[in-house]
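When a ligand or atom number is given, it counts from 1 through the structure's own listing order.
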Amino acid sequence: MKLKLGLFLIGLFAAFFTIAFAPTHAEAGPVKLSYANFPPAPTFPCVQMERWKKEVEKRTNGKIAIDTYPGSTLLGAKNMMDGVIEGQADIGCLCMAYQPGRFVITNATSLPLGLPNAKVGSLVLWDIYKKYNPKTFAKVKVLTMFTTAPANIMCKKPVRNLQDIKGLDLRASGGAAQILKKWGANQVGMPMSETPEALQKGVVKGLFSSLEVLKDFKFAELCRYATMTDTAVYPFAVIMNMDKWNSLPKDVQKVMDDMAVEQAKWTGTYMDNHVNEANEWSKKTYNVEFIQLAKEEKAKWDELLEPITSEWIKGAKEKGFPAEAIVEDIKAFAKKRAASSD
Ligand code: 3IO
């Protein structure tokens, strides 16, 4: 009788402990998300990625843990969108200029419409995304968007006038590429992640992008001249796999949704400040010359860009986009965002 009771008590204890310490969902640890990026870790798309990761982990009180993959280790520049749609990464950061035909509406922000800096550019891009909700994003959740600062020419030789740029092999993508062509350069298209090798091998003599890359990719070592044109910005998007998004708890989704505009603004502000730092560093470290085009010369460069927007409108209209309205909205949003103090 005593033995039976003993066995019963042991059984009861065992049952109690099994139930009490069984791994419940909360104890299984945080939900893990992978976040893919194409350029190397020190560059601005990855700096904003680490900032977003840190803030999301903090604001969800550890419910989410994000593993970041910079440098095309999980997905590259051109398969980012499809890779995230297929679930090879949960989150991905992509430059929309690398697929101009796929992101027609949002890429209109890279027309030469005078977006003054990355902060305004990023907020205007987000405004355009929210207003037009482009169909091309139907299969993903868009977490944020941002742009670079306006593009300038970085080159191994000085570019002071249209004669200097004629036939020059310069690298750019998307809207920025159209601008280079109008100035008579021999435009070569490739993502930023392939540019260091192309510069090193001499496939291109320079590039057309925002100037912080002088420091972040050490392009200043090879490109000792920068010509200030302050034209197109490059637009970026951060997207999440739709099934993954739908599987997240509502409060986590809210944290991420609430961060969208804040992250756009943070990234634009970081970019604008970082361009200034990189320029100072380039002057000091490699004696890079920053060339200002003479006033009459600049007028000629600007004149060559005039047909770009009307040509874009014509092409986008043919594809069924409300092209004129998009351009007018970019200008109006830019005015509003530039005038706003926040
Ligand atoms: C860019 C892309 C990756 C890392 C740093 C960068 N700075 C500016 C860009 C813009 C861009 O995508 C490009 O191809 O010039």
| task | Decide yes or no on salt bridge (charged side-chain N to carboxylate O under 4.0 Å, His left out) for K331 and E328, but give the supporting numbers first. | result | CA-CA 5 Å; K331 291 183 192 165; E328 286 316 306; 3.7 Å; yes

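Listed for the D90 side chain is a donor-acceptor partner under 3.5 Å among the backbone atoms of S34.
In summary, the side chains of N186 and D169 do present a donor paired with an acceptor at a separation below 3.5 Å, with no hydrogens or angles considered. A donor and an acceptor atom, one from each side chain of E297 and W301, are located under 3.5 Å apart.
For W126 and F146, the ring centers sit 6.0 Å or farther from each other.
The aromatic rings of F236 and F38 sit parallel, their planes meeting at an angle under 30°, below the 60° perpendicular limit.
Protein residues with any heavy atom under 4.0 Å from ligand 1: F38, P39, T43, F44, P45, C95, Y98, T148, R171, M192, S209, S210, E212, V213, F217, Y234, F236.
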